Amino acid sequence: MKRFRPYRASQEIRDRHADVSLALSDFIYPYFVTEGENIRSEIPSMEGIHRLSVDRLPADVEETLSLGVNKILLFGVIPDRDKDERGSRGTAPNSVICRAVKAIKQRFPEALVFTDICLCEYTSHGHCGLLHNHDVDNDATLPLLAEMACQHALAGADFVAPSAMMDGQVAAIRQRLDEENLRAKILAYSAKYASAFYGPFRDAAGSAPAFGNRKTYQMDYRTREQGLDEIAADVEEGADWIMVKPALAYLDMVQRASVRFPSHPLVAYQVSGEYAMLKQGAQKGFFDEKQIFFESLIAIKRAGASYIISYYAKDFAKELKVES
Ligand code: PBG
C-alpha cells in the first residue's frame, strides 16, 4: 500500500507539498468605465463590481494597485443614445476608454493597462462587428477594430485585447500598430466560445445583441481542436499573449493551449457568469465564498494559465493581506 495521508497530516505539511500557487502578479482586474460624471454604480448581476465614470476611476485603480494588483482591463459603457451602426464612439480619439487610459497612465504609470477591442459595446445592434444582411461583415469590421486599437495605443494602453472574434483581427491590428510605430502589445482573445457564462457582463456593459446571438463568430463549444487552431492563427498573426475564455468550464483547453504554445503567456478569463455563480452560491450559504474562489482560481492556474482575468482579483488580494 502506498501511503498518501502523510502528505496531508498538517497544514504545514500540506503547504510544503503544494506545488501550485497564486501570486498577485497573476491577476488582471476588469473595469467597466462609463460615460458621465461622479458615477459609481453597482452592477446588479455582479455584486461587488461597479461601473465607474472616468473621474471616479483613478481612486479605485489606486486601491487596486495598493493591494498589489498592477494589471487592469478596461471595458467601455456608453448610453444607448450614443450608439450607432458603426460604433463610432468606440473608435473616436476621445472615446471613454481613451480618456480612461490617459487618466490612469498620467497618475499611475506603473499600472499595466489592457483595453478590450470590440464593437458590441458601441453599436446600436449590439454585435461585435459591422452588420451586413443581419450577420457581421468580417472584413469590413477589421479596419474599425484596428482604428480602435490604434486610438487606445495612442492614449497609452500597454496591451490591446481584441475580443470580437473576427478572422484576421490580430493581423489587422498588428499591421496598423506597426504602421503608426506604436508599441502596444496584443492580448488576443483567441479561443473565445459562444457562452451563456457572459450573461451578467452584457447586463453590465449594455452590450446584449439586439437580435440573434454571437454564434456566427464566437466559437462553438462542441469542438475539441478548433480552439487550438484559432490560437495558432493568432500566434501566426502576431499575438503577444493568447487567451482561453471562459475559464472553469474550459480548463481542458487552458491545459492543452499551455502545452501547445509554451512560449506565449496564456491568459484564462474567469468570466462574469462564473463570478456570479460563486457569488450567488456563497450568498445562499451553499459554500464559503473565500474557499470557493480560491479553489476555482487555483484550478485555473493548475490547468496551465499564466495569468487570470478575474472579478475576484481584489478579493483575492485582500485575503492575502489578511493572512500575512
Ligand atoms: C466583448 C466581450 C464580452 C466579454 C468580454 N469581452 C461579451 C461577449 O462577448 O458577449 C465577456 C466577459 C465576461 O462575461 O466577464 N466585448
Side-chain angles (χ1 to χ4, degrees), residues 25-31 70-76 87 90-91 93 95 97-98 100-102 104-105 111-122 128-129 136 138-139 141-193 217-219 227-245 247 253-254 257-258 260-269 271 304-309:
S25 56
D26 296 339
F27 287 96
I28 304 172
Y29 185 65
Y31 276 104
N70 73 336
K71 301 176 196 68
I72 61 173
L73 168 62
L74 306 181
F75 294 99
T91 51
S95 71
I97 292 298
C98 290
V101 171
K102 284 181 195 157
I104 292 166
K105 278 301 201 175
L112 210 60
V113 179
F114 297 69
T115 62
D116 190 75
I117 306 295
C118 190
L119 293 188
C120 70
E121 292 87 356
Y122 308 102
C128 301
V136 291
N138 190 94
D139 295 12
T141 301
L142 299 179
L144 296 182
L145 298 175
E147 179 63 22
M148 187 184 293
C150 176
Q151 293 305 335
H152 292 182
L154 280 169
D158 298 283
F159 275 82
V160 291
S163 69
M165 288 304 280
M166 296 297 121
D167 294 328
Q169 62 184 9
V170 171
I173 290 171
R174 175 101 279 163
Q175 188 186 343
R176 185 70 198 279
L177 292 176
D178 285 350
E179 280 167 10
E180 308 277 342
N181 242 315
L182 291 163
R183 297 262 167 272
K185 292 195 161 109
I186 300 175
L187 161 59
Y189 281 73
S190 306
K192 174 173 176 178
Y193 293 84
Y217 41 103
Q218 297 180 349
M219 291 183 59
L228 298 176
D229 294 344
E230 284 271 5
I231 297 173
D234 282 353
V235 165
E236 183 81 11
E237 291 180 28
D240 297 284
W241 291 14
I242 54 179
M243 193 195 299
V244 171
K245 175 188 173 191
M253 299 310 300
V254 173
S258 71
R260 185 80 66 93
F261 305 96
S263 50
H264 282 74
L266 173 63
V267 180
Y269 196 147
V271 300
S306 329
Y307 298 100
I308 305 172
I309 303 174

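Predicted, not measured: the structure shown is a model, and the values here were computed from it.
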Non-hydrogen atoms of [X] and [Y] that approach each other most closely:
X    : Y    : answer
I231 : A257 : CD1-CB, 3.6 Å
P30  : I309 : CG-CG2, 3.8 Å
P93  : C98  : O-CB, 3.2 Å
A305 : I308 : CB-CG1, 4.4 Å

More than 12 heavy atoms of other groups within 6.0 Å of K71 NZ: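 Yes.
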Taking atom CD as the centre, does E236 end up with more than 12 heavy-atom neighbours from other residues, nucleotides or ligands that are less than 6.0 angstrom away?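 Not more than 12 within 6.0 Å, no.
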Under 3.5 Å donor-acceptor, [X] side chain and [Y] backbone:
X    : Y    : value
K105 : A111 : yes
D116 : F75  : no
D240 : I186 : yes

Give, for atom [atom1] of [X] and atom [atom2] of [Y], the distance between the pair rounded to the nearest 0.5 Å.
X    : Y    : atom1 : atom2 : value
E230 : K192 : CD    : NZ    : 12.0 Å
I28  : W241 : CD1   : CH2   : 5.5 Å
T115 : L187 : OG1   : CG    : 9.5 Å

Indicate yes or no: at least one non-hydrogen side-chain atom of [X] is less than 4.5 angstrom from one of [Y].
X    : Y    : value
F261 : L228 : yes
R174 : E237 : no
H152 : S95  : yes
M148 : L119 : yes
V136 : C128 : no

| task | Classify the ring geometry between F159 and F114 as parallel (under 30°), tilted (30 to 60°) or perpendicular (over 60°). | result |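 Because their plane-to-plane angle is under 30°, the rings of F159 and F114 count as parallel.
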Can you list the residues that meet the side chain to side chain donor-acceptor pair (under 3.5 Å) rule with R176, with sequence neighbours excluded?
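R176: side chain to side chain donor-acceptor pair (under 3.5 Å) contacts with E147, E180.
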Self-check item: Residue from D234, I117, L145 passing side chain to side chain contact (heavy atoms under 4.5 Å, CB included) with Q169
Solution: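 Single pass found, and it is L145.
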